[in-house]
Engineer: 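Below is one structure. I have some questions about it.
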Amino acid sequence: MLSMVDQREHLRASKSAALAAKDAFVSRYASGRDDRAVGIGLSRSGNAWAVKVMVHTQAAAQELPRRFRDFEVDVEIVGLAEAL
């Protein structure tokens, strides 16, 4: 198990790869799609980067992979935003 300092260094060292994976994911799965937003964040375990995707529908979520390159893909169904 990594110490907090080692974990932070691991995340810092792998951030550029995570950003590159996010950009490639956007090009492949989200470009031109208004129903998907993509970013990076911590994986569910909290010790690695993950591609974070917010989608409007279950159907949009099912079209996405659960891993992309070396990263977990975390998909959240958020629905449509409505102005109040």
Side-chain angles (χ1 to χ4, degrees):
M1 183 163 181
L2 294 175
S3 72
M4 185 88 98
V5 172
D6 291 339
Q7 184 177 350
R8 199 173 312 133
E9 288 302 316
H10 169 72
L11 289 171
R12 185 175 293 127
S14 60
K15 187 173 183 179
S16 62
L19 288 169
K22 185 226 19 143
D23 291 342
F25 188 95
V26 168
S27 292
R28 186 165 181 181
Y29 295 103
S31 184
R33 302 238 0 194
D34 293 336
D35 63 341
R36 296 176 180 172
V38 182
I40 63 168
L42 291 180
S43 65
R44 289 186 180 118
S45 63
N47 61 359
W49 293 110
V51 176
K52 299 285 190 169
V53 186
M54 289 179 274
V55 299
H56 293 179
T57 65
Q58 180 68 34
Q62 290 176 340
E63 296 172 0
L64 300 173
R66 295 296 166 233
R67 290 199 63 78
F68 184 77
R69 295 191 177 175
D70 291 331
F71 299 93
E72 177 182 313
V73 176
D74 185 12
V75 180
E76 182 179 350
I77 301 169
V78 296
L80 293 171
E82 294 183 29
L84 299 175

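Index from 1, following the sequence.
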Engineer: For Lys22 and Ile40, work out which heavy atoms get closest and say how close.
Structural biologist: CB-CG2, 3.6 Å
Engineer: More than 12 foreign heavy atoms under 6.0 Å from CG of Asp35: is that the case here?
Structural biologist: yes
Engineer: How far does OG1 of Thr57 sit from CD of Gln62, to the nearest 0.5 angstrom?
Structural biologist: 8.5 Å
Engineer: Minimum heavy-atom separation for Ser43 and Glu72, please, with both atom names.
Structural biologist: CB-OE1, 3.7 Å
Engineer: Side-chain heavy atoms under 4.5 angstrom apart, residues restricted to Ile, Leu, Val, Met, Phe, Trp, Tyr: same cluster for Trp49 and Met54?
Structural biologist: no
Engineer: Would you check if Leu64 and Arg36 make a side-chain contact, meaning some heavy-atom pair closer than 4.5 Å?
Structural biologist: yes
Engineer: Can you name the closest pair of heavy atoms from Ser27 and Ser31 and give their distance?
Structural biologist: O-CB, 3.9 Å
Engineer: To the nearest 0.5 Å, tell me how far Met4 CE sits from Asn47 CG.
Structural biologist: 12.5 Å
Engineer: Looking at Arg28, I want to see if its CZ is surrounded by more than 12 non-hydrogen atoms of other residues, nucleotides or ligands under 6.0 Å.
Structural biologist: no
Engineer: Would you check, one step at a time, whether the test side-chain contact (heavy atoms from CB on, under 4.5 Å) holds for Phe25 with Phe71?
Structural biologist: CA-CA 11 Å; Phe25 188 95; Phe71 299 93; over 6 Å; no
Engineer: Tell me if a side-chain donor or acceptor on Lys52 pairs with a main-chain N or O of Leu42 at a distance below 3.5 Å.
Structural biologist: yes
Engineer: Would you say Val78 ends up clustered with Tyr29 if hydrophobic residues are merged whenever their side chains have heavy atoms under 4.5 Å apart, either directly or through other cluster members?
Structural biologist: no
Engineer: Heavy atoms only: give me the nearest Ala24-Arg69 pair and the separation to one decimal.
Structural biologist: CB-NH2, 3.3 Å
Engineer: Let me check something: do Leu19 and Leu11 share a hydrophobic cluster, defined by ILVMFWY side-chain heavy atoms less than 4.5 Å apart, either directly or through other members?
Structural biologist: yes
Engineer: Which atoms form the tightest heavy-atom contact between His56 and Asp34, and what is the distance?
Structural biologist: CE1-O, 3.4 Å
Engineer: In Å, rounded to the nearest 0.5 Å, how long is the span from CD of Gln58 to CD1 of Ile77?
Structural biologist: 3.5 Å
Engineer: Check whether any side-chain heavy atom of Val75 lies under 4.5 Å from a side-chain heavy atom of Arg66, and answer yes or no.
Structural biologist: yes
Engineer: To check you understand the geometry: which heavy-atom pair defines the closest contact between Arg44 and Asp74, and what is its length?
Structural biologist: NH2-OD1, 2.8 Å
